[in-house]
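Step one of this worksheet: look at the structure below.
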Amino acid sequence: MNSSLLSRIEHAFVFAQQQVRGLTERDPNFYPLYTDGGRWRHEKPAWTRWCDGFLPGMMWIFYEETADPKWRELAESYSKTLEPRKDDREVHDLGFIFYHGTYRRWYEATVRHGVPDQTLKEVVIHAGRTLALRFHERAGCLRSFHGDDSDFIDIMMNVGIIFYAAVETKDKALLRLAHQHCLTTRRTLVRGDGSTSHEGIFDRETGEFLRQTTQQGYRGDSCWSRGLAWSLYGFGACYKLTNEPIYLETAQLNADYWLTHIPENGIAPWDFDAPEGGPLSRARVDTSASAIAAVGLFNLAEISPTAARRKAYLDCALRTIDSLSTNFLGESVDGWEGILRGGVYHIHKDLGVNESVMWGEFFFVEALQRALRVLSVAAV
Ligand code: GLY
């Protein structure tokens with residue numbers, strides 16, 4: 001079973017490279033966000049400019065796995081263009097762009113080759129400091145792009161770059177602020193059953209927490225599956241960076257919710273509380289949520305203290321990647337330009353629904369990388 005799983009995953013990884021190569025040849029230097037009818041180039045709006053790091057991020061992963069210098073050349077070129085974004089104060093997504101996607105991976109490539117380039121690390125640190133400027137002292141959290149009174153669960157995927165900057169520069173104020181963001185998010189957006197709210201609203205003046213709400217989920221008290229996946233992955237990643245036990249406990253609580261609510265194939269409904277029918281039906285899946293959660297589960301399978309948990313997380317991550325690779329590859333639809341079908345961007349605005357989405361592509365590729373590593377160790 002594992003050898004055929006390995007071959008399905010190897011096939012998906014080769015297909016992913018073909019699709020990214022196709023995009024760069026067809027439309028050089030274009031950083032798309034989501035497809036429309038399977039095509040990356042269209043006139044629909046972006047809503048927010050948060051995804052540019054994911055395309056070069058995939059190129060870096062392809063380089064990490066294949067050592068093909070062409071991937072490195074492309075990755076460097078697509079990363080370099082983004083450097084000015086290190087001063088972008090309009091988004092809360094600099095961790096996606098510089099930590100998950102571009103300059104951290106570039107810096108680590110130079111370390112692996114024995115020629116660490118500190119100027120690359122400086123870019124990551126700079127971006128982390130820029131993100132920290134979003135901190136709302138009285139609310140105790142980073143403000144989302146949506147407003148001075150708003151925290152998003154998504155920011156748990158970005159706060160890691162502030163921890164990175166704090167540790168690299170031994171900046172205690174930066175470290176305190178990053179911890180504070182995590183603790184406030186834990187207290188206000190993660191519920192007792194491990195589910196999450198997408199957005200928290202705070203009083204702009206006093207910082208008092210007022211309510212849970214949502215932009216992209218079904219409603220304020222529902223569990224938007226991508227938000228839960230951001231939390232599961234994000235808290236686990238923050239634990240890896242800090243060894244703070246509450247972050248691991250939180251990621252495990254999220255994972256418990258995920259594991260007990262997800263169907264056997266690991267493919268998430270777009271919102272766990274969406275109704276049975278109608279235009280917002282829970283029959284609509286979000287494959288990007290499943291790809292993100294799979295990487296989060298691979299992480300937990302390494303860091304959780306008990307063998308039973310590690311096994312449950314690994315089994316679910318592998319089942320999920322198998323389902324994604326078997327049933328959702330773009331190759332099953334003629335002319336589809338993305339890697340992974342079945343993502344959802346913003347269902348209420350009708351943006352990228354049942355399409356390929358750039359973060360879904362990236363985290364799917366990251367999950368494939370993790371699965372390949374796990375399965376090739378197991379095969380030895
Ligand atoms: N707002 C980021 C996301 O769509 O998950």
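Just follow the structure's listing: the first ligand is 1, and inside any ligand the first atom is 1. Computation of the quantities below employed the complete heavy-atom set of this structure, encompassing side-chain atoms and omitting hydrogens, waters and symmetry-equivalent molecules.
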Give me the ring orientation class for Phe96 and His100: parallel if the planes are under 30° apart, tilted from 30 to 60°, perpendicular past 60°.
tilted
Side chain, backbone, both or neither: which part of Phe152 comes within less than 4.0 Å of ligand 1 when only heavy atoms are counted?
neither
Tyr345 heavy atoms within 4.0 Å reach ligand 1 at atoms 4 (O)
Shortest protein contact, atom 4 (O) of ligand 1 (heavy atom only)
Arg226 NH2, 2.6 Å
Should the ring pair Tyr257 and His261 be called parallel, tilted or perpendicular, given that the plane angle runs from 0 to 90° and is split at 30 and 60?
parallel
Compare all side-chain heavy atoms of Tyr233 with those of Glu366 and state whether any distance is below 4.5 angstrom.
yes
Any atom of ligand 1 sitting under 4.0 Å from a heavy atom of Phe145?
no
Can Glu337 and Arg41 be counted as an ion pair, charged N to O under 4.0 angstrom?
no
With heavy atoms only and a cut-off of under 4.0 Å, state how Trp224 meets ligand 1: side chain, backbone, both or neither.
side chain
Taking only non-hydrogen atoms of Trp230, do any sit less than 4.0 angstrom from ligand 1?
yes
Going by the closest heavy atom to atom 1 (N) of ligand 1, which one wins out of Asp154, Ile155, Leu351?
Asp154
Give the contacting part of Gln216 toward ligand 1: side chain, backbone, both or neither, where contact means a heavy-atom distance below 4.0 Å.
side chain
Hey, does Ile321 have a side-chain heavy atom less than 4.5 Å from the side chain of Phe298?
yes
More than 12 heavy atoms of other groups within 6.0 Å of Asp334 CG
no
